[in-house]
Structure formats: C-alpha cells, structure tokens
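Please read the structure below before turning to the comments.
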Amino acid sequence: MTRQITLSKAVNEAIAEEMRRDPSVILLGEDVAEAGTPFKVLSGLVEEFGMDRIIDTPISEPGFMGIAVGAAMTGCRPIVDLMFGDFLYLIMDQLCNQAAKTHYMSGGKLNVPLVLRTNMGATRRSAAQHSQSLQALVAHVPGLKVAMPSSAYEAKGLMKTAIRDNNPVVIFEDKLMYNDKAEVPEEEYLIPFGKANIKREGRDVTLVATSSMVQVAEKAAEILSRENISAEVIDPRTLVPFDEETILQSVKKTSRAIVIDEGHQSFGVTAEIAARISEKAFYHLDAPVIRMGAMDVPVPFSPALEDITVPTPDGVVENARRICRGELVHAA
Amino acid sequence: MTRQITLSKAVNEAIAEEMRRDPSVILLGEDVAEAGTPFKVLSGLVEEFGMDRIIDTPISEPGFMGIAVGAAMTGCRPIVDLMFGDFLYLIMDQLCNQAAKTHYMSGGKLNVPLVLRTNMGATRRSAAQHSQSLQALVAHVPGLKVAMPSSAYEAKGLMKTAIRDNNPVVIFEDKLMYNDKAEVPEEEYLIPFGKANIKREGRDVTLVATSSMVQVAEKAAEILSRENISAEVIDPRTLVPFDEETILQSVKKTSRAIVIDEGHQSFGVTAEIAARISEKAFYHLDAPVIRMGAMDVPVPFSPALEDITVPTPDGVVENARRICRGELVHAA
Amino acid sequence: MSAKHNTEDYLRMYRQMVRIRAFEDNANQLYLSAKMPGLTHMYSGQEAVAVGICEALTSEDKITSTHRGHGHCVAKGAEFREMFCELLGKEEGYCRGKGGSMHIADQANGNLGANAIVGGSMGIATGSALSAKYLGTSHVTVCFFGDGATAQGLWYEVMNMAALWKLPVIYACENNGYSEYTKTAEIAAGSLTARAEAFGIEAHKVDGQDVLAVNELARSLTERCRKGEGPFFIELETYRYHGHHVGDINRDYYRSKDEESEWKKVRDPITNFGKWLMEQKIMTADELVEIDKEISADAEAAVTYALDAKYPDVNEVSMHVFAETAA
Amino acid sequence: MSAKHNTEDYLRMYRQMVRIRAFEDNANQLYLSAKMPGLTHMYSGQEAVAVGICEALTSEDKITSTHRGHGHCVAKGAEFREMFCELLGKEEGYCRGKGGSMHIADQANGNLGANAIVGGSMGIATGSALSAKYLGTSHVTVCFFGDGATAQGLWYEVMNMAALWKLPVIYACENNGYSEYTKTAEIAAGSLTARAEAFGIEAHKVDGQDVLAVNELARSLTERCRKGEGPFFIELETYRYHGHHVGDINRDYYRSKDEESEWKKVRDPITNFGKWLMEQKIMTADELVEIDKEISADAEAAVTYALDAKYPDVNEVSMHVFAETAA
Ligand SMILES: Cc1ncc(C[n+]2csc(CCOP(=O)(O)OP(=O)(O)O)c2C)c(N)n1
Ligand SMILES: Cc1ncc(C[n+]2csc(CCOP(=O)(O)OP(=O)(O)O)c2C)c(N)n1
Ligand SMILES: [Mg+2]
Ligand SMILES: [Mg+2]
C-alpha cells in the first residue's frame with residue numbers, strides 16, 4: 001500500500017515509529033515540543049511521547065549538541081534538532097571534535113549513536129545565515145555519516161536507518177521540500193546507507209544529484225529526453241558512506257557525467273564526486289565531468305540575485321547538451 | 001641579502017614589521033604575550049609592542065574571534081592567534097557566519113580585515129584533537145582567503161600580504177615546520193595571493209602540493225629524477241584565491257598530475273584541485289589525476305598508526321611511477 | 001536633568017518611536033500582501049528600548065542589532081527609503097538588497113548590523129568596544145539582544161573579556177518574555193542580572209516600556225563608559241506585539257490574547273509617552289495626531305518608492321565577496 | 001561520619017593519591033628519557049581533588065576528565081598497565097593506543113574520557129546526567145575541569161540546562177591558579193562561584209589539598225544529586241607541581257620557584273594526609289613508607305610491561321572509525 005505524504009510528515013513518522021520501537025530514543029532542540037519546530041515537522045510528537053522525550057532547549061546549540069553526545073555515550077539515542085543548517089558552525093566542536101572521534105579515540109569502546117537532523121537549501125529569501133548547504137563540511141570529517149534525502153520516501157527510510165545506526169549521523173533536509181509529497185508505503189521500510197538510487201535510467205549522460213537537486217536533474221532529464229538525449233539520474237542518498245560503485249558503473253555506460261549539489265561549488269561535494277569519477281572512470285569518459293554547485297558567494301537576500309546562485313534544470317540541460325554534442329564546456 | 005631563518009622567526013618578523021608599519025594592527029590569543037605562544041612563535045612581540053597590542057585572552061576562542069570581527073569592522077586590523085587548527089571548529093560561527101559574510105551582506109559597506117593564524121599537521125603524537133589539517137573547511141566558505149605557507153619564505157611573505165588584505169584571511173602554518181629554516185631576504189617582500197609557485201620544473205608529472213607536502217613532493221621529485229622521471233612541483237601558496245592557470249599549464253605540459261595535501265582526502269583539498277585539473281585539462285591528461293590526502297580516519301595517537309595516515313615521499317614516488325609508466329592506479 | 005532633556009529631545013523620542021511603529025506596520029502589510037520576500041520579525045511594542053537607548057548615543061557610537069532589528073536601525077538614524085528598499089531586496093537598500101531584514105546595517109550611523117545568528121553580534125559589539133579603547137576614539141557600543149540570546153555561551157565569554165579589559169560596551173537585553181514560542185522562564189535559570197554581576201559587571205533592570213527611564217539610565221551609563229567605567233548590563237522588560245515573525249499568526253498555544261491586549265492597553269510605550277507629553281503640556285493631542293499622520297505618510301511614500309525601485313543588476317551577485325585591497 | 005569513613009576508606013584514599021603521584025613521576029621520567037610519544041600534562045599536586053571526589057562515587061557513576069586527566073583516571077579505578085600502555089601508544093592501552101594521554105577513557109569504571117579541548121567535556125558530562133534522569137539509572141556524573149575552562153561559553157550553556165532540568169551533575173572546577181602560562185586572576189573576572197549561583201546552582205568552595213574535606217563535600221553532594229537536588233558546583237583550590245606540560249621546564253617568567261616550593265612544603269595533599277593518619281594513629285610512618293614502596297614497585301613494573309608491549313597492528317588504523325550496527 002502506498003500513499004502520498006509530505007517530506008515533513010515522512011520525517012515525523014520515521015521519528016515516531018522509532019521512538020515507539022526504542023524507548024532510548026529522545027529528541028532535543030529549540031521549540032521542538034509544543035511548537036513542533038518552526039517548520040512544524042515535529043508536530044504531535046510531544047503529545048505522544050511527552051516532555052521527557054521531546055525536549056525543548058534554550059538557544060544553546062553547542063550546549064545541547066554536547067549534551068546529546070554525552071547522552072549517546074551513556075545509553076540514550078538522541079536526535080538533535082538543529083533549526084537551520086547554518087547553525088552547524090556553532091556546534092562543529094561538539095560534532096566533529098567530540099561525537100565524530102569518540103569511538104575511534106576510545107579504541108572502539110565508547111559509542112555515540114546520535115542523529116543530527118538539520119536542513120539546507122537556498123531560494124527561500126532567508127539570506128546568508130539561513131540558507132547554506134553545508135554538507136561538504138561534515139562529509140569531510142571522518143566518523144560522521146551524512147544522509148541527503150531527496151524526497152519524502154528517502155526522508156523516512158534514511159531517518160529510520162540513521163536512528164538505528166550506532167554512529168553520529170547528520171541528515172540534511174531541504175527546507176524547501178517540507179511540503180513536497182511523494183509515495184511512501186504504509187508498511188515499515190528502511191533505506192540502507194551507502195546505496196545509491198538510480199532514479200531514472202539513461203544512456204547518454206549520468207546526472208549525479210543530491211537532495212533537491214535530484215528534482216532539478218529529473219526535470220532536466222525530462223527536457224533532454226525530448227531532444228533525444230537520454231540522461232541517467234542517480235541519487236547517492238548518503239555522502240558518507242558513498243556508493244562509488246553504482247555511479248562508476250553508470251558513467252562507464254554513459255561516458256559522461258554532471259554532478260549537481262546545492263552547496264558552494266569550490267571545495268564542495270561536487271569536487272569529491274567529480275574527482276572520483278574522473279579518476280576511477282578515466283578511460284571511459286568522453287568529456288570532462290561537469291560540476292554544478294552553488295556559486296561561491298554568500299547567499300544574497302535579494303530574489304533577483306538569490307535565484308541565480310543555485311543550479312537550475314535549464315543550466316543542467318545546457319551543460320548536458322554541450323557534453324553530449326562533444327562541445328567542450330571548458331576550452332582546453 | 002639572504003639568510004636562513006626558521007619558519008617561526010619568519011612569522012614573527014612578518015608580524016613585527018607590519019605592526020611597526022601600521023598601528024591599527026593588534027594581535028589576540030591565548031598566551032601570546034609573555035609566553036609568546038606555546039610554540040614560542042611570537043616571543044619578543046609583547047616587549048616591543050606592549051600589552052595593548054599583543055593581547056592575552058582567556059580560553060574563549062569563539063569570544064575572541066568575535067571580538068576580532070568587531071574590532072576589524074571598526075578600524076583595527078586584528079591578527080587572531082588560534083593555538084591549534086583543531087580549534088577552528090569552535091570559532092566557525094564567528095569566522096564563517098560573521099567574518100566571511102559581513103562585507104557581502106552589507107553590500108560592500110563593512111570590511112573585516114583580519115588574519116586568523118593557526119596551524120595544521122599530524123605526526124606530532126598529539127592525537128585526534130590536536131593534529132587536524134582543516135584547510136578544506138574554510139576554503140569552502142565564500143568570503144575567506146586561505147593561505148598555506150610551505151616554508152619560512154612563504155610564511156613571511158604571505159603573512160605580510162594577509163595583514164594588509166582587507167578581508168578575513170586564514171593562514172595555516174604546519175606546526176612541524178616551525179623550526180625548519182629557509183632563505184629569507186633581509187629586505188622587505190610580499191607574496192601576492194593567488195600566484196602559485198613552481199618550486200621545481202619538470203616534464204613528466206605535475207605534483208601539486210600544499211604546505212609541508214611541498215617538501216614531500218620535492219623529496220619524491222628528487223628520488224624520481226634518479227629514475228629519469230622528471231617531476232614538476234607546484235605550490236599553490238593560497239587555496240583561495242586559487243591559481244588554476246599555473247597548474248593547468250603545467251599539467252598540459254606533463255599530462256599527468258598528483259595532488260598532495262595533508263587534510264583528510266575525502267571532500268578535501270585534493271578533491272577540488274583534482275576535479276579542476278580533470279575538468280579543465282581533460283584533453284591533455286594521459287592518466288587519471290591521483291589524489292593523496294590524509295587517510296579518512298581521526299588522527300590516531302599511537303606512532304605506529306599515526307605515521308601511516310599521511311602522504312609520504314615514497315607514496316608519491318610509487319604513484320608517480322605508476323602513472324608515468326602507464327599503469328592504471330585504479331583499474332577501470 | 002541634563003541638557004538633552006528638553007522639549008526637542010522629547011519630541012524626537014516620540015517621533016522615533018512612532019517612526020518605528022509606522023515602519024513595522026508597513027512591513028507587516030508588505031508581508032501580508034505577499035510583497036515582501038521571506039519573513040521578518042516585528043519590533044512593535046519594544047520601541048522605548050531602541051529609542052531610549054539610541055537617543056543617548058551619538059552617531060559615532062555603535063550598536064549591534066538582532067533578527068528583530070528594524071527598531072534599532074530606525075532609532076540609530078536610518079531612513080525609511082533605504083530600509084524598505086533593503087527589505088524588498090532592492091539596489092538602493094542599505095546593503096544593496098544583499099542583506100535583507102535580518103542583516104540590515106547602516107554603518108554611516110553606527111549600526112554595525114542586524115544578525116540572524118541569535119547572540120551572533122555579542123563578540124562584534126565587544127570588539128567594537130575594544131577598538132574604541134585601543135584606538136582612543138570615545139565611541140561607546142551598545143549590544144542589543146533578546147532574553148533568548150542569553151542562553152548563548154558567547155555572551156559569557158565576551159562579558160568576561162569586557163570586564164577584564166574594562167571595555168566601553170553596554171549589553172542591553174530586551175527581555176520580551178519569549179524566545180520564539182517559549183516563555184523565558186522555561187529557558188533561563190536563575191537571574192540574568194546576576195549572570196552579569198558574577199563577572200563583576202554592574203547590572204541594571206529597567207522598565208523597557210518607559211522611554212524616559214530607559215533614556216536616563218542609558219545616558220548615565222554611556223557617560224560612565226566614556227570615563228572608562230564600563231562595561232554595563234541592562235535588562236529591559238518589554239513585550240513584542242506581533243508573533244515571533246510575521247508568519248506567526250496563531251499563537252494562542254504559547255501566549256494568550258489576554259496577555260497581549262493587556263500589554264497593548266496598559267503598557268504601550270508610545271501611548272504612555274504621548275499621555276505624559278500631554279500631561280506635561282508639552283504637546284496637545286492634536287499635535288501628536290499630526291506627527292503620527294506625517295510619519296505615516298512618510299512611511300507609505302517610502303514603501304511606494306521601494307516597491308518601484310530596481311533590483312540590483314545580476315552582475316552584483318559576485319560582487320562584494322571580497323573587499324578590494326590597495327596594492 | 002558515614003560508613004565510608006573508616007580506616008579502610010582512609011587507606012584507600014591514601015593509596016590512591018600515592019598511586020597518582022607514582023604514575024605521574026613515571027610518566028614524567030618516560031618523557032624526560034624520550035620514551036614517551038608527544039607531551040603530557042602532570043596531575044601531581046592535585047591528587048586530593050580526584051581522589052576525594054572519586055572515592056565518593058560508585059563505579060556506576062560517571063566522570064569526564066581533561067587534558068590533565070591521569071589523576072581522574074587512576075582515582076576512578078583504572079590500572080597502571082593499561083594506562084601506561086595507552087600513554088605509549090600500545091595495543092593493550094585502554095584505547096588500544098589510539099587515544100593517548102589526552103583521550104584516555106575507561107568506560108568500564110565510568111570514566112567517559114579525557115578531552116583535549118578545554119571545556120570540551122562539559123556537554124558530555126551534562127548529557128550523561130540527562131541519561132541518568134531519563135533512563136532512571138541512579139548514576140551521578142562529575143565533570144572535572146580547570147579554572148581556565150571556565151572561560152568557555154559551553155559551561156554556561158550546559159549549567160543553564162542542568163539547572164532547568166535538575167540534572168544529577170556536579171561541576172568540579174580544579175582551580176590550580178593557572179591556565180597554561182597565565183594566572184587565573186588575569187583571565188577570570190568576578191567570581192567563579194557567583195557564576196554558577198547566577199543560574200540558581202548551589203556552589204561550594206573547598207580546599208582541594210584536603211582529601212577529607214573534598215570527600216565529605218563530594219559524598220554529601222552526590223547523595224543529594226541522587227535525590228534530585230542537583231546540579232552543584234564546586235570550586236577546589238589546588239596547585240599543579242609541574243609545568244603546564246612535561247616540556248614546560250623554565251617557568252620562572254610566569255610562576256616563582258618560591259611559590260612552588262611553598263605549596264609542596266606546606267600544602268602537599270599526600271604528606272598532610274599521611275601526617276593526619278599518623279596523628280590519628282591509623283598508620284605508622286613505617287606503614288606509610290611500605291605503601292609508597294609497594295606502589296612505586298607496581299608503577300615501575302607497569303612501565304616495564306608497557307615499554308615491552310606491542311604496538312597495534314597497522315590494520316587497526318582504519319578500524320573504529322565507525323561502530324558496527326546490527327542489521
Ligand atoms: C543561533 C541561532 N539559533 C536559533 C535561531 C532561531 N531563532 C531566531 S530568533 C529566536 C528566538 C530569539 O529569542 P530572543 O533572543 O528572546 O529574541 P526575540 O525574538 O524575543 O526578540 C530563535 C530561536 C537563530 N536565528 N540563531
Ligand atoms: C579549546 C582549547 N583551547 C586551548 C587549548 C590549549 N590549552 C590546553 S590546556 C590549557 C589551559 C587549561 O587551563 P585549565 O583549564 O586551568 O586547566 P589546567 O591546565 O590548569 O589543569 C590550554 C589553553 C585547548 N586544549 N583547547
Ligand atoms: Mg525574547
Ligand atoms: Mg588551571
């Protein structure tokens with residue numbers, strides 16, 4: 001049985017199901033209880049699970065992140081709600097120096113099973129400190145797993161897997177997708193980490209896209225199909241672990257790749273994926289791998305500027321045309 | 001006139017010269033005054049410039065980083081001393097949400113001319129929280145310039161340029177190189193940002209290396225030369241701005257490249273450089289670009305483990321041999 | 001009473017409070033009529049805080065502001081046009097449309113900027129005070145923040161340094177009883193003034209609805225800052241009339257309508273100050289209405305102007321990432 | 001006096017303090033003879049703090065520790081062998097050699113680990129207390145940190161939450177007068193106890209060189225934590241005998257030799273407690289010397305063992321990045 005639910009509802013269900021299943025799961029964050037977060041993603045949870053498990057915190061991101069690490073080390077499985085991904089900068093020490101390294105530094109004796117759920121995504125007119133997509137930063141830090149759901153279906157399945165994982169997992173939800181609906185089974189399911197999803201099969205070019213960029217890629221693929229360019233769309237689903245195999249296989253078939261991610265382009269996610277493809281599918285590539293990240297500028301407030309900072313279907317289409325027609329995107 | 005001085009002395013000279021030149025330069029950090037930092041890099045400065053300009057702070061990294069941002073916005077040119085690069089995680093909000101974005105968010109009206117000097121580098125038996133090389137993180141954030149001196153010469157010239165720059169600049173010194181000597185002119189000089197340095201010319205393979213990895217590359221080049229493999233060694237000097245041109249020209253000549261950086265490999269500096277080369281010198285490459293970053297593990301304390309986590313001259317030699325002999329490093 | 005306390009000053013304070021209210025009413029309307037990009041946080045109800053404090057400052061003095069920053073911006077001397085242009089993302093905005101409501105800054109008048117990171121400007125304000133001390137300028141810096149922001153560790157770090165270094169900074173906490181959808185009591189243990197006092201910082205509590213009380217305290221502390229007696233802390237008891245942001249309409253679940261109307265009826269800073277001006281025979285009711293009308297018209301004209309103003313050119317998107325540096 | 005205060009307890013406290021001192025003397029020798037990888041921070045002089053507190057705890061109770069963490073580790077029940085193996089990076093170390101001195105942890109005895117980030121474990125300790133409350137286990141958590149760490153904002157954030165949520169955590173600040181090469185007075189404004197009290201947290205100050213005083217206070221606060229009366233704060237006045245780390249040899253520029261010898265002569269926690277044990281006729285001088293000798297021999301044997309022990313296999317380098325998760 002399937003039905004259409006929003007991404008917001010999918011996250012809510014995943015957390016509710018896991019909290020029913022495992023009493024050690026607790027959730028902390030700002031205005032998560034009665035208010036159910038500003039995005040209303042957690043509405044109803046405090047009514048079912050009570051204030052002991054859905055815990056409103058003061059505006060102390062480093063503090064409650066640190067508390068979650070300690071709780072995770074001593075028998076709880078905390079979910080930390082970080083209202084905006086931009087606030088990651090505030091909790092990096094607790095996340096990257098503590099949570100990420102504890103298992104390793106203790107020689108495998110201490111575990112830190114926690115989920116940090118936060119968001120990403122621009123074009124919401126929220127300006128430079130509420131619009132960043134900072135997945136590259138956490139993906140760089142060994143000891144953290146990183147999931148990037150691209151629809152309600154992924155959001156639910158990846159969240160459930162994250163909560164059961166014995167490691168710190170960071171999940172980035174695209175805040176513009178909270179109301180997007182997708183088919184989500186009534187029955188329980190989990191989505192394993194490290195398995196990419198081939199969203200659409202194609203022969204001519206591989207579009208590797210993360211989070212909402214999967215939609216961008218799909219729209220581009222649709223347009224391209226009318227021009228007889230057959231694009232394969234792949235969603236890695238998790239950046240760490242990363243399913244290199246599925247992507248390399250696709251590129252070996254199509255010989256061309258475009259990588260799309262909403263983080264800043266330089267030193268970002270597209271660099272890693274493009275570098276891997278370029279290295280490991282080197283003899284199969286007919287054209288350079290094209291990277292499409294967000295512009296390397298702080299996110300501007302003005303709608304006139306903000307919209308041009310992120311990859312669009314048209315942009316993808318144009319790049320796909322060029323490499324499929326053998327035009328060099330970057331003149332050598 | 002040239003003479004040999006240590007990297008530590010070079011940094012000290014650069015700061016002293018700029019403080020003499022410009023009374024708006026101040027310096028803040030933990031134990032920077034009488035103690036001259038734990039690495040003794042700043043010894044003597046407080047004696048010359050006094051406690052008003054060389055300011056000992058409490059152990060409040062976010063706090064004094066924030067104070068530096070405000071001071072920079074109002075007429076001072078602060079140098080922030082961050083004792084270990086690993087503490088970057090503590091100041092990311094002030095550095096990345098505030099300092100990096102202020103000029104842009106204010107439409108160009110507010111400036112934040114500050115220098116964050118910190119360090120990087122493992123194999124010092126300092127374990128996971130005192131050994132990280134986090135340059136990729138800051139290089140990803142628009143609005144920050146990032147310099148990586150590879151010797152005393154660079155350390156001095158880049159520091160002086162950084163202090164005069166009207167933007168936030170992060171300088172990573174390799175803490176293992178503080179006592180390494182190099183020729184440094186008596187006369188004043190500055191090293192411009194965004195100009196790579198060809199440390200050694202070669203025909204067969206380009207070694208792009210940052211910071212102390214330049215020494216690793218040079219050692220490898222020396223060994224390779226005995227096997228008649230001629231390696232060109234390029235030091236980008238700054239990651240932001242990045243001198244793509246010099247590197248692309250080299251790769252177009254050699255047709256092969258290895259990129260070496262001491263940060264973790266995945267989602268790190270090597271990814272960006274390799275992706276750019278692979279994209280923009282695509283039709284010139286005879287082999288995939290090889291990336292050599294640190295292993296994707298927290299830095300282990302045990303000497304038996306730590307030493308194998310970072311790139312070595314032998315490792316570079318081996319990879320260079322393989323691509324120069326046409327052996328695939330990654331079987332397709 | 002100091003020279004500043006004459007009719008002219010009273011009138012400016014009244015006008016500035018009315019200007020903030022008018023600005024916010026128009027901003028809210030822009031949101032409700034879907035002409036405003038994004039969200040914004042209304043300052044209405046807290047006017048006496050921004051005005052009482054900023055009227056104690058010169059334009060050389062600095063402030064740092066918050067996500068709820070329009071009031072501070074107006075009070076520190078900003079113009080409606082450039083402000084509305086900024087809120088609408090237009091080129092003529094204070095930040096060329098790049099900052100928006102949450103990052104509005106006006107460095108010409110000493111406003112170092114709003115901040116979308118709660119507590120994010122506490123270091124900046126303290127650093128501005130360090131500049132004043134080191135460079136020997138006599139500017140005082142006021143750091144505005146909310147009760148919710150007192151939960152950020154940054155505050156304690158910078159208070160410690162400000163106290164050790166005797167910096168000319170005033171930490172002004174606008175305690176409006178709520179941090180988003182949560183009552184202050186639920187997120188703040190102990191006492192806010194005691195927290196500052198624990199660092200050896202002199203702390204004051206004042207009725208944030210009484211513009212004269214706020215102004216008097218602010219004038220005295222500003223002067224003392226200039227004499228090297230800072231830092232100081234002020235807790236200002238106040239109230240926000242609107243939701244947390246313009247979209248926060250149904251808020252019964254965290255705050256009662258009765259509570260809201262009680263504050264508006266009994267403790268409105270503008271009404272009460274207006275009454276006082278009349279009691280003191282400084283102004284008549286008609287004169288006050290005249291002021292309101294004039295300011296209303298100004299605000300509307302500015303809105304009209306801003307709606308028609310042009311967006312920044314798309315080329316601007318990659319300008320101002322880095323400042324120029326003379327070679 | 002509670003049941004814990006009998007001869008057996010006194011002896012254990014004495015032995016534990018001597019064990020810490022012996023451990024540190026050997027660690028220092030390892031450094032001086034270049035057998036120790038990296039640097040390490042000596043706990044000598046502060047023994048009464050770790051022992052007085054940890055003797056009030058059960059092995060179910062948790063502690064978090066610091067860069068100066070050997071004392072806490074020994075006091076919480078760790079063995080010499082595994083500790084020296086860890087300091088030397090050997091496979092049999094508590095963390096298989098991966099953590100080293102600054103990350104030594106011993107979860108079996110409730111030591112959640114040393115931390116190389118000053119203040120870095122304040123959240124962890126508070127989280128452990130949240131677990132106790134939520135899971136209904138009765139464990140109390142003690143968060144050890146230095147005077148320098150009080151400058152970290154994190155402390156204020158977690159104190160606020162601990163106070164709001166009444167968590168069973170004791171913040172134990174070892175005020176040894178220095179934070180690296182700087183006197184506490186130069187980096188801490190106001191009063192440390194007042195800082196905790198400002199959050200409504202009961203604060204105590206105690207002589208950290210008096211193991212009985214520390215233990216008595218710790219026992220009482222631990223019991224009260226179990227009854228839900230936490231959190232608490234304790235400031236313990238103490239002193240470190242060595243430099244900030246083993247390599248900090250020439251330290252006249254920040255601390256006088258006279259000051260050091262004064263503390264050692266007059267306030268040594270082991271000497272003084274030994275004297276008391278003799279005065280009370282609990283032990284004779286000879287018996288105490290016997291204990292010292294025995295422990296010395298133990299420590300040396302452990303060092304010898306650790307020096308000969310094997311390093312982890314190189315394959316271990318990529319183990320333990322991630323914990324296994326049952327499918
Ligand atoms: C670091 C950070 N955390 C959370 C938020 C989301 N947020 C915006 S305003 C706000 C409440 C602030 O409360 P207070 O400081 O009392 O200011 P008020 O809104 O009442 O003026 C929160 C939690 C944020 N912007 N920044
Ligand atoms: C976040 C952070 N900042 C700075 C350091 C460097 N550092 C290590 S110990 C220390 C002094 C700590 O002083 P205190 O807390 O009093 O502990 P003590 O060394 O006296 O035991 C400093 C500054 C660090 N390890 N972590
Ligand atoms: Mg508030
Ligand atoms: Mg100390």
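In what follows, chains are A, B, ... by sequence order, proteins preceding strands, each numbered from 1. Here the structure is a predicted model, which is why all the values come from computation and not from measurement.
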Residue pair I290(B) / E279(A), side-chain heavy-atom distance below 4.5 Å:
yes
Donor-acceptor pair, Q129(B) side chain versus N97(A) backbone, under 3.5 Å?
yes
Indicate the atoms forming the closest heavy-atom contact of K101(B) with A128(A), along with that distance.
CE-O, 3.2 Å
Would you confirm whether H140(B), through its side chain, and L137(A), through its main-chain N or O, come within 3.5 Å as a donor-acceptor pair?
no
What is the minimum heavy-atom distance between P288(A) and Y283(B), and which atoms define it?
CD-OH, 3.6 Å
Counting heavy-atom pairs under 4.5 Å with chain A, which one of S278(B), A275(B), A100(B), S266(B) comes out on top?
S266(B)
Which portion of E61(B) sits near chain A, non-hydrogen atoms under 4.5 angstrom
neither
Between CZ of F282(B) and CZ of F282(A), what distance do you get to the nearest 0.5 Å?
7.0 Å
Which region of L88(B), side chain (C-beta onward) or backbone (N, CA, C, O), has a non-hydrogen atom less than 4.5 Å from a non-hydrogen atom of chain A, or is it both or neither?
neither
Residue among Q98(B), M295(B), R291(B) with most heavy-atom pairs under 4.5 Å to chain A:
R291(B)
Largest heavy-atom contact set with chain B, pairs under 4.5 Å, which of G143(A), P300(A), A136(A)
P300(A)
Region of V289(B) that comes under 4.5 Å of a non-hydrogen atom in chain A:
backbone
Examine whether an atom of L239(A) lies under 4.5 Å from a heavy atom of chain B, and if so say whether it belongs to the side chain, the backbone or both; otherwise answer neither.
both
At a heavy-atom separation under 4.5 Å, does A127(B) approach chain A through its side chain, its backbone, both, or neither?
neither
Below 4.5 Å, heavy-atom pairs only: which of L248(B), V240(B), L95(B), L285(B) has the largest tally toward chain A?
L285(B)
Comparing P62(B), C96(B), A274(B) against chain A, the one with the most heavy-atom pairs below 4.5 Å turns out to be C96(B)
Heavy-atom distance under 4.5 Å to chain A: side chain of V259(B), backbone, both or neither?
neither
Reported CZ-to-CZ distance for the pair F267(B) and F242(A), which is rounded to 0.5 angstrom
6.5 Å
With a 4.5 Å cut-off on side-chain heavy atoms, are Q265(B) and E272(A) touching?
no
d(Y89(B) OH, L90(A) CG) to nearest 0.5 Å is 15.5 Å
Segment of Q94(A) engaging chain B (4.5 angstrom heavy-atom cut-off):
neither
Testing the basics here: between V299(A) and Y104(B), what is the closest heavy-atom pair and its distance to 0.1 Å?
C-CE2, 4.4 Å
